[in-house]
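I have placed the structure first, in the form of structure tokens, so that the comments after it can refer back to it.
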Amino acid sequence: MTKPTGPSERERLRAETARRLVESAFALLRDTPEAPFSHEAVAAHAGMAARTAYRHFPTQDDLVAAVWRHLRDTTGTRWPTCEAEILPLLRALYAQFERNATLTRAFLAARPRADYAVPGSAEGRAAFRQALAARLALLSRPVADELVGACVAIYSAPFWQMLRDRGQLAPRAAAAAACRTMQALIAASDAPAPTPSPPSPRSDHANPRRRPRRS
């Protein structure tokens with residue numbers, strides 16, 4: 001008699017509990033973005049004990065990262081796989097931010113309360129290294145890292161929010177500005193890095209030697 005290869009009942013219940021907690025956290029950020037975001041609030045919304053939330057997501061970092069993954073899956077966020085996809089997907093990403101503006105802003109507001117690395121940053125760097133592989137191969141490692149880091153920053157909700165709020169740009173203008181910035185940044189990688197000019201030779205006129213005094 002063969003043993004079942006699927007998940008056990010206990011594993012299914014654990015996965016279901018985690019799913020309910022993430023959906024409750026997602027709903028809290030969407031419906032009451034001004035309310036405190038905590039394990040206790042999420043557990044109460046899900047009708048569970050706070051210790052259950054802590055058991056599945058020991059830190060707030062873990063909880064917020066799980067909500068980010070749910071937000072990414074809900075909005076259909078995609079990373080580019082080649083250079084030709086970067087600008088079209090960037091426009092689509094900013095359109096998704098606009099359609100889910102309340103939730104996106106609530107997530108950004110919840111993030112500073114958790115001390116953790118920005119979710120998706122490692123995934124984004126890997127994606128842009130693949131998409132820009134041909135260009136990066138011609139650059140030094142420090143310059144390649146700068147290009148990838150800047151691309152990931154533009155391809156993000158904080159950059160969208162900065163253009164919309166601090167830049168006071170309308171939705172279409174914000175997306176256009178992000179695309180122009182991304183395009184100019186990538187195009188700039190074609191230009192050779194400026195070389196420092198050699199120091200000018202010292203001239204006797206610029207630095208006259210003192211003549212010895214006559215006795």
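Note that the structure is a prediction, hence the values are computed from the model and not measured.
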Q: Identify the two heavy atoms, one from Val22 and one from Phe57, that lie closest to each other, and give their separation to 0.1 Å.
A: CG2-CZ, 3.5 Å
Q: Work out which heavy atom in Ala157 is nearest to a heavy atom in Thr104; give both atom names and the distance.
A: CB-CG2, 3.7 Å
**Q.** Residue list, ring-ring contact (aromatic ring centres under 6.0 Å, His included) with Phe128, at least two apart or on another chain
**A.** Tyr155
Q: Hey, could you give me the CG/CD1 distance between Leu93 and Ile86, rounded to the nearest 0.5 Å?
A: 12.5 Å
Q: Taking all heavy atoms of Pro36 and all of Ala41, pick out the closest pair and write down the distance.
A: O-CB, 3.9 Å
Q: Find the distance between CG (Leu87) and CG (Leu90) and round it off to the nearest 0.5 Å.
A: 6.5 Å
Q.
To the nearest 0.5 Å, what is the distance between CD on Glu146 and OG on Ser140?
A. 7.5 Å
Q) Would a 4.5 Å heavy-atom cut-off, applied to side chains only, mark Gln96 and Thr77 as touching? A) no
Q | Audit row: Arg105, Asp165, side-chain contact (heavy atoms from CB on, under 4.5 Å) steps and yes/no | A | CA-CA 11 Å; Arg105 289 179 181 278; Asp165 297 350; 2.7 Å; yes
Q | Common cluster, Trp160/Leu89, ILVMFWY with side-chain heavy-atom separation under 4.5 Å | A | yes
Q. Shared ILVMFWY cluster between Met182 and Val143, side chains joined below 4.5 angstrom?
A. yes
(Q) Check this for me: Glu40, atom CD, are more than 12 non-hydrogen atoms of other residues, nucleotides or ligands nearer than 6.0 Å? (A) yes
Q.
Nearest 0.5 Å, please: how far is CG in Leu136 from CD in Gln130?
A. 11.5 Å
Q.
Using every non-hydrogen atom in the two residues, find where Ser189 and Leu139 come nearest and quote the distance to one decimal.
A. O-CD2, 3.7 Å
Without placing hydrogens or testing angles, list every side-chain donor-acceptor pair under 3.5 Å for residues 170-178, not counting sequence neighbours.
none

(Q) Return the CE to CZ distance between Met48 and Arg20, rounded to the nearest 0.5 Å. (A) 3.5 Å
Q.
Can you give me the closest heavy-atom contact between Ile186 and Cys151, atom names plus distance?
A. CG1-SG, 4.3 Å
**Q.** Positive for side-chain contact (heavy atoms from CB on, under 4.5 Å) with Leu13, one of Glu11, Glu16, Glu9
**A.** Glu9
Q.
Check Asp190 with Arg135, please: is the shortest side-chain N to carboxylate O separation under 4.0 Å?
A. yes
(Q) Any side-chain to backbone donor/acceptor pair from Gln60 onto Phe37? Under 3.5 Å, distance only. (A) yes
Q.
Tell me every residue that passes ring-ring contact (aromatic ring centres under 6.0 Å, His included) with His56, counting only those two or more places apart in sequence or in another chain.
A. none
Q: Determine whether Leu21 and His39 make a side-chain contact, defined as any pair of heavy atoms from C-beta on separated by less than 4.5 Å.
A: no
**Q.** N/O donor-acceptor pair under 3.5 Å between Asp73 side chain and His70 backbone
**A.** no
Q: Nearest 0.5 Å please: distance from the CG atom of Leu163 over to the OH atom of Tyr94.
A: 5.5 Å
Q. Shared ILVMFWY cluster between Tyr54 and Val42, side chains joined below 4.5 angstrom?
A. no
Q. Are more than 12 heavy atoms from other residues, nucleotides or ligands located less than 6.0 Å from atom CZ of Arg19?
A. yes
**Q.** Contact summary for Gln161 and Leu108, nearest pair of heavy atoms
**A.** OE1-CD1, 3.4 Å
Q. For Thr102 and Arg30, what are the C-alpha separation, side-chain angles and deciding distance, and is it a side-chain contact (heavy atoms from CB on, under 4.5 Å)?
A. CA-CA 6 Å; Thr102 300; Arg30 180 191 62 209; 5.8 Å; no
